[in-house]
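The basis for the numbers below is simple: all heavy atoms, side chains too, and nothing from hydrogens, waters or symmetry mates. Note that ligands are numbered from 1 as they come in the structure, with each ligand's atoms numbered from 1 the same way.
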Amino acid sequence: MKGELLYEGKAKQVFTVVGDDTQLVLSYKNDATAFNGEKKATFTGKGRYNNLISAKVFEFLHEKGVASHFERVLNDTEQLVQKTTIIPIEVVVRNLAAGSITRRFGIEEKTAFTPSLVEFYYKNDALGDPLMSDDHALLLTDVSLEEIAEIKSAALQVNEQLQKFFLGINLVLVDFKLEFGRNVDGKIVLSDEVSPDTCRLWDKDTGKKMDKDVFREGLGDLLDVYDNILNRLEAVK
Ligand code: UDP
């Protein structure tokens, strides 16, 4: 079923599906990178956690009517998705200040954003994913003004749902990054992954960081934290 390797990124490999050019297989790697690839490490088992956690997120979002590329889990580290062409915009939604926004604008960590803030970054490793305006997105990508509005509204809808989803396992959704892609019908759908690699999640009671910041900041055992999140999700229902 799995065909040839189409593309290899920092966290995933993408394979074709033999006999079906509308679908792809995503294979989650054990590699972790931070600071635009400057800090790297391999954690045996990380691919499984991100595959299974991201699948649970997409299944939940599907129940809530959010269209995504996700089809189904194939095995511990692989999932079947609709083929999309990724739009090179990293859409970041922020509920509380953390990470780059604290440094860029001098905002104190934990400052609450009401309404939640949506930012666009240009997905381009060589340029270090610079922050961009809507006009930059119009200039540099194939999205229209209407589609920019559609993407922002979808990102905020995902935020509403995921805040509830994570609160259900006692985690505060601080911020996260989404990517959207165009499927074979030209429709824009949520793509890529939603995992502790792409979200900031803080334990509601202790405030403990439960995401890739554990790796970025050397705070402890990344696998223990990802295992804890998957266990919390599996304990629901
Ligand atoms: N993020 C991501 N991939 C990136 C950049 C950011 O998944 O290439 C996520 C990150 O994990 C966090 C959110 O987007 O949940 C906001 O990241 P931020 O801009 O604060 O950057 P950072 O401080 O992580 O460099």
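- The side-chain contact (heavy atoms from CB on, under 4.5 Å) search around Ser68 returns Phe58, Phe70, Leu190, not counting sequence neighbours.
- For Phe215 and Phe43, the ring centers sit closer than 6.0 Å to each other.
- Here Asp129 has side-chain heavy atoms under 4.0 Å from ligand 1, and that is the only part of it that gets that close.
- For ligand 1, the atoms lying closer than 4.0 Å to a non-hydrogen atom of Asp175 are 12 (C), 13 (C), 15 (O), 16 (C).
- Contact between Arg103 and ligand 1 is present, with at least one heavy atom of the residue lying under 4.0 Å from the ligand.
- By the criterion of a heavy-atom distance under 4.0 Å, both the backbone and the side chain of Thr198 are placed next to ligand 1.
- In this structure, atom 5 (C) of ligand 1 lies nearest to the protein heavy atom Glu90 OE1, 3.9 Å.
- Under the 4.0 angstrom criterion for non-hydrogen atoms, Arg216 is in contact with ligand 1.
- Interatomic distance, NZ of Lys29 versus CD of Gln13, reported as 6.0 Å (0.5 Å rounding).
- Interface of Asp197 with ligand 1, defined as ligand atoms under 4.0 Å from a residue heavy atom, comprises 7 (O), 11 (O).
- Ligand 1 has Tyr121 within reach: a non-hydrogen atom of the residue lies less than 4.0 Å from it.
- Between Glu119 and ligand 1, no N or O atom pair is found at a separation short of 3.5 Å.
- When Lys177, Glu179, Lys212 are checked for heavy-atom proximity to atom 3 (N) of ligand 1, Lys177 turns out nearest.
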